[in-house]
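Following: one structure in structure tokens, then a few remarks.
In this chain, residues are counted from 1 in sequence order.
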Amino acid sequence: MLKGLGGLGGLGDMTKMMKAAQEMQGKMAQLQEDMHSIMVEGEAGAGLVKATCTAKGELKTLDIDPSIFNGDDKEVVEDLILAAIKDAQQRAQERAKEEMGKLAESMGLPNDMNLPF
């Protein structure tokens, strides 16, 4: 009667798969939490403007060297600020992808697998 399911051995495999899926779900949840504390820094203007954000892309700090404050250079300063923020956000994206790859690899999956975020 259970011949088509491979006997009870098939149920054991299903149990293992369910356990692995639950383990992965737990690790994904933990990684999501960890992404809030992983910090990355971006910069612009050879370090005159630095932006720090979480691996989730949330801007945390902005450091501007006072030497760039000149009324005539307002647009340049604004561009540097935007460039530093974009750089930090790009680095955050890369770091998040790297961390997700590590998680996938630790679970025996290809590290370039795009896991849900």
Side-chain angles (χ1 to χ4, degrees):
M1 186 149 123
L2 293 174
K3 215 174 180 183
L5 296 175
L8 293 177
L11 294 176
D13 290 343
M14 181 63 94
T15 303
K16 285 181 186 177
M17 278 183 17
M18 292 299 290
K19 185 176 179 181
Q22 287 174 337
E23 182 182 331
M24 182 173 168
Q25 186 178 19
K27 287 183 178 182
M28 288 288 292
Q30 182 60 50
L31 182 57
Q32 290 295 324
E33 281 299 312
D34 293 347
M35 292 291 188
H36 290 286
S37 60
I38 296 173
M39 298 294 168
V40 295
E41 185 177 275
E43 63 178 51
L48 292 174
V49 178
K50 296 177 184 174
T52 304
C53 65
T54 68
K56 289 288 244 180
E58 181 183 351
L59 184 64
K60 289 294 189 177
T61 65
L62 189 60
D63 181 41
I64 303 170
D65 188 298
S67 68
I68 65 172
F69 289 112
N70 178 342
D72 298 333
D73 296 332
K74 179 182 181 295
E75 287 180 16
V76 172
V77 172
E78 290 170 344
D79 288 343
L80 288 174
I81 291 169
L82 285 175
I85 291 171
K86 286 179 182 178
D87 186 42
Q89 289 173 332
Q90 175 64 37
R91 290 175 191 235
Q93 236 178 4
E94 290 168 4
R95 180 65 185 269
K97 187 175 180 179
E98 178 184 313
E99 293 297 323
M100 294 299 282
K102 288 178 187 176
L103 174 62
E105 196 171 315
S106 76
M107 300 197 69
L109 300 170
N111 67 353
D112 60 351
M113 184 175 185
N114 291 327
L115 293 173
F117 223 165

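Ionic pairing of E99 and K102 is present here: one or more N-O contacts between side-chain nitrogen and carboxylate oxygen are shorter than 4.0 angstrom.
In this structure, CD1 in I38 is found 9.0 Å from CD in E98, a value given to the nearest 0.5 Å. Going from atom CD of E43 over to atom CG of D65 covers 12.0 Å, rounded to the nearest 0.5 Å. Atom CG of D34 and atom OG1 of T54 lie 12.0 Å apart (nearest 0.5 Å). Between M18 atom CE and D13 atom CG the span is 13.5 Å, to the nearest 0.5 Å. Taking CE from M39 and OG1 from T61, the interatomic distance works out to 8.0 Å, rounded to the nearest 0.5 Å.
Side chain of D63 to backbone of K50: no donor-acceptor contact under 3.5 angstrom is found.
When Q32, Q89, H36 are each tested for a side chain to side chain donor-acceptor pair (under 3.5 Å) with K56, only one passes: Q32.
Counting heavy atoms from C-beta on, the side chains of I85 and L59 come closer than 4.5 Å. Side-chain contact check for E41 versus R91: every heavy-atom pair is 4.5 Å or farther apart. Using a 4.5 Å heavy-atom threshold, the side chains of M35 and R95 count as separate. Proximity of L62 to V49: side-chain heavy atoms (C-beta onward) are separated by under 4.5 Å at one or more points. Within the 4.5 Å cutoff, the side chain of V40 has heavy atoms near those of the C53 side chain.
The shortest non-hydrogen separation linking A44 to A84 is CB-N, 3.6 Å. Residue S106 comes nearest to L103 through the heavy atom pair OG-O, 2.7 Å, listed as atom of the first residue, atom of the second, then distance.
Under a hydrophobic clustering in which Ile, Leu, Val, Met, Phe, Trp and Tyr are joined whenever their side-chain heavy atoms come within less than 4.5 Å, directly or via other members, I68 and V76 fall into the same cluster.
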- [ ] Any chance you could lay out the salt bridge (Lys or Arg N to Asp or Glu O under 4.0 Å) test for E23 and K19, step after step, and finish with the verdict?
- [x] CA-CA 6 Å; E23 182 182 331; K19 185 176 179 181; over 6 Å; no
- [ ] Kindly indicate, with the supporting measurements, whether the criterion side chain to side chain contact (heavy atoms under 4.5 Å, CB included) is fulfilled by I64 and I81.
- [x] CA-CA 8 Å; I64 303 170; I81 291 169; 3.7 Å; yes
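Open room surrounds CD on E75; 12 or fewer heavy atoms of other groups in view lie less than 6.0 Å from it.
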